[in-house]
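Count residues from 1 along the sequence.
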Amino acid sequence: MIDTNLMHFPEEKVQKLMSHYKEILSLLGEDPEREGLLKTPERVAKAMLTLTRGYEVDPKEVLLGAKFKEEYSQMVIVKDIDFFSMCEHHMLPFYGKAHVAYIPNGYITGLSKIARVVDIFSHRLQVQERMTLQIKECIQETLNPLGVMVVVEAKHMCMQMRGVEKQNSVTTTSDFTGAFNRAKTREEFMNLIRR
């Protein structure tokens with residue numbers, strides 16, 4: 001977990017965002033000079049920079065930084081990867097779990113790197129469908145495995161807090177390549193992540 005108090009934020013970006021958030025508070029009918037809101041523009045600016053920090057990191061470089069030659073050719077699964085992201089349509093959070101599998105083709109990567117790839121793509125303005133695709137493509141292009149499958153399950157605050165206000169709805173997306181085009185392989189993966 002990243003302690004945002006220890007993160008370095010570019011001062012120019014913080015100042016520009018602060019001025020916009022101060023204006024937003026005024027437009028909403030608030031007094032940005034009242035005691036409780038004095039530091040809000042700065043806090044929100046830093047929060048947004050934290051929530052979108054995925055733009056600053058190349059996920060392929062993360063995978064390549066821990067790429068090892070290995071003759072293992074069975075399914076590797078990292079499941080229940082917690083994530084938080086921001087819906088690009090309403091700038092409200094969506095959150096849940098990602099499950100990722102790949103079948104190595106001469107190379108493996110550090111297990112934590114799979115979780116980091118999820119983290120990088122989730123820390124951008126997103127839609128769940130594109131995030132699922134990006135995770136799959138990044139692993140496929142970087143490791144060239146025999147196949148990749150990604151399943152993402154998420155709750156969307158834009159559906160819970162506004163609009164239809166359905167608090168218990170869960171959205172599931174999946175994408176796959178290579179060996180996962182076979183129904184039997186997909187079924188094995190789905191059975192393993194549900195245990």
Side-chain angles (χ1 to χ4, degrees), residues 1-66 78 80-100 110-135 137-139 142 150 152-171 173:
M1 176 140 0
I2 294 177
D3 182 349
T4 55
N5 293 322
L6 301 176
M7 287 183 70
H8 170 73
F9 299 103
E11 190 59 33
E12 184 181 347
K13 272 190 181 180
V14 173
Q15 290 300 321
K16 284 182 178 178
L17 286 167
M18 283 172 57
S19 69
H20 291 294
Y21 284 118
K22 191 170 182 178
E23 179 67 18
I24 288 169
L25 288 172
S26 293
L27 289 169
L28 292 174
E30 269 292 355
D31 174 9
E33 299 302 322
R34 75 174 171 83
E35 183 182 13
L37 292 176
L38 278 175
K39 294 194 174 213
T40 297
E42 180 181 8
R43 289 187 194 107
V44 177
K46 289 179 177 179
M48 289 306 294
L49 290 171
T50 300
L51 295 170
T52 59
R53 68 181 181 264
Y55 293 115
E56 307 295 324
V57 185
D58 181 351
K60 290 181 180 180
E61 289 300 316
V62 168
L63 289 176
L64 289 172
V78 182
D80 296 330
I81 304 167
D82 292 317
F83 75 88
F84 297 89
S85 192
M86 293 286 283
C87 163
E88 70 180 33
H89 299 147
H90 303 99
M91 297 202 43
L92 290 170
F94 67 96
Y95 61 95
K97 294 188 182 296
H99 315 285
V100 180
L111 297 175
S112 68
K113 304 311 178 194
I114 300 293
R116 289 270 292 131
V117 168
V118 171
D119 188 57
I120 290 164
F121 285 118
S122 68
H123 280 84
R124 298 177 179 186
L125 296 180
Q126 276 291 10
V127 294
Q128 182 176 333
E129 298 87 343
R130 184 174 62 240
M131 186 178 92
T132 304
L133 172 71
Q134 288 174 329
I135 295 165
E137 286 181 342
C138 177
I139 295 168
T142 309
V150 178
V152 176
E153 302 168 303
K155 291 189 170 196
H156 292 250
M157 297 302 282
C158 57
M159 284 183 64
Q160 294 177 322
M161 294 174 65
R162 53 158 304 283
V164 295
E165 296 184 13
K166 300 301 179 203
Q167 284 75 28
N168 296 310
S169 64
V170 176
T171 302
T173 51

Using side-chain heavy atoms (C-beta onward) and a distance below 4.5 Å, is [X] in contact with [Y]?
{"X": "R162", "Y": "L92", "answer": "yes"}
{"X": "T52", "Y": "L125", "answer": "yes"}
{"X": "V152", "Y": "E129", "answer": "no"}
{"X": "R53", "Y": "D119", "answer": "yes"}
{"X": "H156", "Y": "H90", "answer": "no"}
{"X": "T142", "Y": "L64", "answer": "yes"}

Side chain to side chain contact (heavy atoms under 4.5 Å, CB included), that's the test. Do F9 and T50 meet it? Break it down for me.
CA-CA 9 Å; F9 299 103; T50 300; 3.4 Å; yes
With sequence neighbours excluded, residues passing salt bridge (Lys or Arg N to Asp or Glu O under 4.0 Å) with K22
E33
Counting neighbours of [atom1] on [X] that are heavy atoms of other residues, nucleotides or ligands and sit closer than 6.0 Å, is the number greater than 12?
{"X": "E165", "atom1": "CD", "value": "yes"}
{"X": "E35", "atom1": "CD", "value": "no"}
{"X": "F84", "atom1": "CZ", "value": "no"}

Under the side chain to side chain contact (heavy atoms under 4.5 Å, CB included) test against F83, which residue among Q126, M131, K97 passes?
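Answer to the side chain to side chain contact (heavy atoms under 4.5 Å, CB included) test with F83 among Q126, M131, K97: M131.
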What closest approach, in Å, do [X] and [Y] show between heavy atoms, and which atom pair accounts for it?
{"X": "L37", "Y": "P41", "value": "O-CD, 3.3 Å"}
{"X": "I139", "Y": "V100", "value": "CD1-CG1, 3.5 Å"}
{"X": "A154", "Y": "F94", "value": "CB-CD1, 4.0 Å"}

Going from [atom1] on [X] to [atom2] on [Y], what distance comes out if it is rounded to the nearest 0.5 angstrom?
{"X": "D58", "Y": "C138", "atom1": "CG", "atom2": "SG", "value": "7.5 Å"}
{"X": "M18", "Y": "R43", "atom1": "CE", "atom2": "CZ", "value": "10.5 Å"}
{"X": "L28", "Y": "E23", "atom1": "CG", "atom2": "CD", "value": "10.0 Å"}
{"X": "R116", "Y": "L63", "atom1": "CZ", "atom2": "CG", "value": "10.0 Å"}
{"X": "C158", "Y": "M91", "atom1": "SG", "atom2": "CE", "value": "12.5 Å"}
{"X": "I24", "Y": "S19", "atom1": "CD1", "atom2": "OG", "value": "9.5 Å"}

Would H123 and E56 satisfy side chain to side chain contact (heavy atoms under 4.5 Å, CB included), going step by step from the backbone distance to the final call?
CA-CA 10 Å; H123 280 84; E56 307 295 324; over 6 Å; no
Side-chain donor-acceptor contact under 3.5 Å, T173 with Q128
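Yes, a side-chain donor-acceptor pair sits under 3.5 Å.
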Apply side chain to side chain contact (heavy atoms under 4.5 Å, CB included) to residues K155 and N168 and explain how you reach the verdict.
CA-CA 8 Å; K155 291 189 170 196; N168 296 310; 4.3 Å; yes
Got a donor-acceptor contact below 3.5 angstrom from the R124 side chain to the F121 backbone?
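Flag not set: sc R124 to bb F121 has no pair under 3.5 Å.
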